[in-house]
Amino acid sequence: MKIAVAKEVEVGERRVALVPETVARLVKQGHQIQVEAGAGDRAYFTDDQYIAAGATVVTDAATLWGEAEVVLKVSPLQEREDGQSELNLLKPGAVLISFLNPLAEPEQIQQLADRQITAFSMEMIPRTSRAQSMDALSSQAALAGYKATLLAAAALPKFFPMLTTAAGTIRPAKVFVIGAGVAGLQAIATARRLGAMVEAFDIRPAVKEEVQSLGAKFVEVALAEETVAAGGYAKEVSEASKLQTQMAIAEHVKTADAVITTAQVPGKVAPLLVTAEMITQMQPGSVIVDLAADQGGNCAGTAAGKDVVFQGVTIMGPINLPASLPIHASQMYAKNISTLLQHLSLDGNLNLDFADDITDSACVTHAGVIRNERIKSALGAVPAVS
Ligand code: NAD
């Protein structure tokens, strides 16, 4: 297949969809890979490395996109600096594989369907063992969780580890992680490696053992409602449960040097868990890193993409942390996307089997229609009558 790797245009995006190592593997399988000139620059992969791996480097975006059977990207489609829209560059009938943020940006999914694009959204890969090697949400969340802890450690005016020195004994920092999914667990593991004392909370009781196995203490809150939805994700809980959670975690926030929040519910605004009142109870100099910043934030006062200081507490709202580790983020994403490509192909050609749950779930548009009911409802569209 003729596969194009587009240069990312989103501000701050430093990742690239394929790294030279995966290009070499795909070329060996018989695919023709075209890489937009400079696509890997911000992740430190040069055009020469792509050429050495067997790719062709293309300077003209219209040629690259217009000739490709499959276009690979990281971020959802954008307007380019040269004024061209990536959507319009796609050849009708082509395949697009990328993060597409389909529940938050369903209009773009409709445009892809209207343009007769077969689009695969990396967010819609099922979270199952069989799909684990294609699960880019997990690979990228692990990077975000790791970096969140490093941000907290760098901003905290204290050591993380306990130190016994001639100049006295230093107590270890206390880190409280809220939301122990993929990012939260990696944040816990990183904070433990740095020697902090770690506590964690999640509304899914099933994560208790994972938290404990990382050497952290699990904060239990017995909610009177089901907190787990289909697919193992957290459900959006009632206001009463949110209030009960806030009351239960207040003591732990108050005594933490660093709070890392990662709580999200797919397709919904992130739950507000750390209130302004809780922040006023924290010691000045404490740090909060809110990984849910671009979903509305878990913390009062979070500003997406900014650091805010409130009553001496630094509240960081980083967005797209995986892009700050572009080498490994690209390497892991490239592995996810190339495994998906392999999953969708037979004898080097695309072979879409919608009876397969991974293909069925990840393919959001095909033959002119949106294939996913949740995206249709997000769009407010009436499902097509067949
Ligand atoms: P996510 O990013 O959607 O959410 C992060 C965490 O926030 C989750 O653990 C969630 O339970 C928690 N959360 C949501 N609302 C909360 C609240 N009000 N208070 C406290 N915590 C709250 O989650 P994710 O990391 O993408 O993982 C989602 C699910 O997918 C998990 O069940 C995970 O185990 C599962 N998963 C499975 C596989 C696999 O089987 N291969 C791979 C990855 C993830």
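Each ligand, and each atom within it, is numbered from 1 in the order the structure gives. The figures that follow rest on heavy atoms only: side chains count, while hydrogens, waters and symmetry mates do not.
Rounding to the nearest 0.5 angstrom, the gap separating the CZ atom in Arg204 from the CD atom in Glu226 is 11.5 Å. Here the straight-line distance linking atom CD of Gln32 with atom CD of Glu69 works out to 8.0 Å at 0.5 Å rounding. The NZ atom of Lys254 lies 11.5 Å from the NE2 atom of His252; values are rounded to the nearest 0.5 Å. Here the straight-line distance linking atom CG of Asn372 with atom OG1 of Thr365 works out to 11.0 Å at 0.5 Å rounding.
Regarding atom 18 (N) of ligand 1, its nearest protein heavy-atom neighbour is Pro271 CG, 3.6 Å. Protein heavy atom closest to atom 5 (C) of ligand 1, with residue, atom name and distance, is Thr262 O, 3.3 Å. Looking only at heavy atoms of the protein, atom 29 (C) of ligand 1 is closest to Gly232 O, 3.8 Å. The protein heavy-atom contact nearest to atom 16 (C) of ligand 1 is Ile203 CG1, 3.5 Å. If you check which protein heavy atom lies closest to atom 41 (N) of ligand 1, you get Thr128 O, 3.3 Å.
In this structure, Val19 and Ala334 approach most closely via the heavy-atom pair N-CB, 3.7 Å. Considering every non-hydrogen atom in both Ala180 and Thr262, the closest pair reads N-OG1, 4.4 Å.
Of the residues Arg80, Lys73, Arg15, the one that meets the salt bridge (charged side-chain N to carboxylate O under 4.0 Å, His left out) test with Glu8 is Lys73.
Residue-to-ligand polar distances place Val182 within reach of ligand 1: an N/O pair is separated by less than 3.5 Å. Close N/O approach between Asp135 and ligand 1 is not found [any backbone or side-chain N/O within under 3.5 Å]. Some N or O of Gly181 is nearer than 3.5 Å to an N or O of ligand 1, by distance alone. Between Gln264 and ligand 1, at least one pair of N/O atoms sits closer than 3.5 Å. Taking only nitrogen or oxygen atoms, main chain and side chain alike, Thr245 does not reach within less than 3.5 Å of ligand 1. Of the polar atoms of Lys235, none of the N or O atoms is found under 3.5 Å from an N or O of ligand 1, judged by distance alone. Backbone and side-chain nitrogen or oxygen atoms of Asp202 are examined, and one is located within less than 3.5 angstrom of a nitrogen or oxygen of ligand 1.
Close approach to Phe201 involves these atoms of ligand 1, each under 4.0 Å from a residue heavy atom: 19 (N), 20 (C). Near Gln132, meaning under 4.0 Å from one of its heavy atoms, ligand 1 places the atoms 41 (N). Within the listing of ligand 1, atoms 7 (O), 21 (N) sit less than 4.0 angstrom from a heavy atom of Gly179.
Heavy-atom separations between Ala141 and ligand 1 are all 4.0 Å or longer.
Taking each of Ser138, Ala142, Ala131 in turn, the one with a heavy atom nearest to atom 43 (C) of ligand 1 proves to be Ser138. Of the candidates Arg204, Arg127, Arg130, Arg204 brings a heavy atom nearest to atom 33 (C) of ligand 1. When Gly184, Ala200, Ser129, Ala263 are checked for heavy-atom proximity to atom 22 (C) of ligand 1, Ala263 turns out nearest.
Below 30°, between 30° and 60°, or above 60°: for Tyr50 and Phe45 the angle between ring planes is above 60°, a perpendicular geometry.
Residue-environment remark: NZ (Lys335) stays at or below the threshold of 12 foreign heavy atoms within 6.0 Å.
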Quiz item: Would Gln110 and Asp114 count as a side chain to side chain donor-acceptor pair (under 3.5 Å) if you check the C-alpha gap in whole Å, the side-chain angles of each, and the deciding distance to 0.1 Å?
Solution: CA-CA 6 Å; Gln110 183 63 65; Asp114 293 344; 2.9 Å; yes
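In this structure, Ser377 contributes its side chain and Glu373 its backbone to a donor-acceptor pair below 3.5 Å. In terms of modelled atom types and a separation under 3.5 Å, the side chain of Gln246 and the main chain of Leu273 share no donor-acceptor contact.
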